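All values below come from the heavy atoms of this structure, side chains included, with hydrogens, waters and symmetry mates left out. Numbers restart at 1 for each chain; the letters A, B, ... are given by sequence-line order, proteins then strands. From a predicted model like this one, the values you see are computed outputs, not experimental measurements.
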Amino acid sequence: MSVTTQHTTPTELMVYRVVFALLIINKAGGLIYTRTFAPGLQKLDSNDYLILAGTFHGIHAISRSINPAPPVPPAPGNRRPPTTGIESMESSHFRLTCFQSPTGVKFLLFTSPEQPNTDVIVRRCYEVYGDFVMKNPFYSLEMPVRVEKFDRALGAYLARP
Amino acid sequence: MSVFSFYIFDRHTECIYSKRFAASNNAPPPRGAAGGGIQNGDVPASLRKASKDLDETKLIFGTIFSLRRMARQLGGADDQFLSYRTGEYKLHYFETPTQLKLVMLTSPNVGNMRTVLHQIWATLFVEYVVKSPLAPAEHTGGKGVANELFEGGLERFMEAVFRPQQ
């Protein structure tokens with residue numbers, strides 16, 4: 001069964017579920033890694049991605065403060081769990097999954113809306129990041145990620161052959 | 001499965017209707033504020049509350065405006081921002097061709113509310129607000145939106161959608 005989306009030529013065979021791109025944002029809101037794996041999103045230049053990352057960082061913070069839910073009483077002896085920001089965003093052409101690590105690094109994963117288990121995928125990206133970027137002794141924290149092994153491992157996991 | 005609040009923004013980026021719904025197990029009754037305006041100007045507590053509500057509507061509008069722009073940038077000019085979810089709530093967005101924006105905040109386990117928002121617009125807003133002969137064409141400050149028919153209809157509709165067990 002051949003399935004086509006609006007972003008590819010009709011003669012191409014494409015499966016519905018696809019990962020479009022991964023962005024990594026550091027604690028301060030600066031973009032430190034961007035990579036597209038499959039066509040499907042509009043072509044943006046590096047400046048646009050930087051602006052997008054900064055905007056999303058701000059929106060993520062605001063989404064925590066407009067939380068309308070009544071605060072849930074914490075378990076006795078524990079602190080109240082902190083409010084979370086945007087975890088996923090739906091639009092008609094893509095779904096954005098955001099995972100924030102305990103150190104404040106955000107992983108934005110852009111997938112097609114039908115892609116299942118996006119939280120598992122983004123956690124695996126976090127593991128790959130921990131293994132190849134954090135454990136790299138030459139990587140400076142909060143700086144753009146330029147680690148070849150990370151690129152290769154991520155490509156092996158996410159890029160469709 | 002519960003709804004927390006509901007907002008309507010017009011094409012002049014103003015909040016023309018906002019409504020908070022009580023949590024099902026709490027005492028405080030639901031409050032509706034038309035246009036987020038100040039109701040009792042003299043009492044400090046309600047002044048603070050009203051300005052807090054106003055800030056919240058502004059934050060919500062800023063959030064949906066930026067997310068809509070982001071969706072257009074990434075998905076193309078015909079892409080529509082639909083909803084987003086955090087750990088505590090889910091925000092549903094529906095925009096009409098007249099650039100009227102309906103925003104609903106619910107608990108995170110709720111499914112797609114797009115048809116619900118469309119129905120609210122078509123059967124409640126258009127019927128009771130747009131077609132009302134007394135309502136002005138532009139609802140600056142929320143004037144003309146919070147009439148009884150619309151409010152009552154909205155309450156009944158929300159009850160029917162979120163508490164169907166009877």
Item to complete: Please say whether more than 12 non-hydrogen atoms of neighbouring residues, nucleotides or ligands are located less than 6.0 Å from CZ in A/Arg124.
Response: yes
Worksheet item: How long is the span from the CD1 atom in B/Ile60 to the OG atom in A/Ser63, to the nearest 0.5 Å?
Response: 11.0 Å
Worksheet, complete the sentence: Counting heavy-atom pairs under 4.5 Å with chain B, the top scorer among A/Ile59, A/Ile66, A/Leu52 is A/Ile66
Worksheet item: Quick one: CD on B/Glu56 to CG on A/Asn67, what's the gap to the nearest 0.5 Å?
Response: 9.0 Å
Worksheet item: Do you know which of A/Thr83, A/Leu96, A/Thr55 has the most heavy-atom pairs under 4.5 Å to chain B?
Response: A/Thr83
Item to complete: Check each atom of A/Pro113 against the heavy atoms of chain B and say whether the ones under 4.5 Å are side chain, backbone, both or neither.
Response: neither
Worksheet item: Would A/Leu141 and A/Val147 show up in the same hydrophobic cluster when neighbours are defined by side-chain heavy atoms closer than 4.5 Å?
Response: yes
Item to complete: Using the rule that two of Ile, Leu, Val, Met, Phe, Trp, Tyr join whenever any of their side-chain heavy atoms come within less than 4.5 Å, decide whether A/Leu31 and A/Ile51 are in one cluster.
Response: no
Worksheet item: Any residues in residues 84-92 of chain A near chain B, with a heavy-atom distance under 4.5 Å, and which are they?
Response: A/Thr84, A/Gly85, A/Ile86, A/Glu87, A/Ser88, A/Met89, A/Glu90, A/Ser91, A/Ser92
Discussion item. Suppose a student defines contact as a heavy atom less than 4.5 Å from any heavy atom of chain A. Which residues in residues 81-91 of chain B would they list?
Written reply: B/Phe81, B/Leu82, B/Ser83, B/Tyr84, B/Arg85, B/Thr86, B/Gly87, B/Glu88, B/Tyr89
Fill in: Atom CZ of B/Arg68: over 12 foreign heavy atoms under 6.0 Å
yes
Worksheet item: Given that the side chain runs from C-beta out, which part of B/Leu59 has a heavy atom under 4.5 Å from chain A: side chain, backbone, both or neither?
Response: both
Fill in: Contact check, side chains of B/Leu74 and A/His93, non-hydrogen atoms, under 4.5 Å
no
Discussion item. Considering only residues two or more places apart or on different chains, which pairs with a residue in residues 55-75 of chain A satisfy salt bridge (charged side-chain N to carboxylate O under 4.0 Å, His left out)?
Written reply: none
Worksheet item: Hey, is CZ on B/Phe65 packed in by over 12 heavy atoms from elsewhere, all under 6.0 Å?
Response: no
Worksheet, complete the sentence: Separation between CE (B/Met70) and CZ (A/Phe94), nearest 0.5 Å, reads 5.5 Å
Item to complete: Would you list the pairs meeting salt bridge (charged side-chain N to carboxylate O under 4.0 Å, His left out) in which at least one residue belongs to residues 134-148 of chain A, sequence neighbours left out?
Response: A/Lys27-A/Glu142, A/Asp131-A/Lys135, A/Glu148-A/Arg152
Worksheet item: What residue in B/Leu67, B/Asn112, B/Thr63 has the most heavy-atom pairs under 4.5 Å with chain A?
Response: B/Leu67
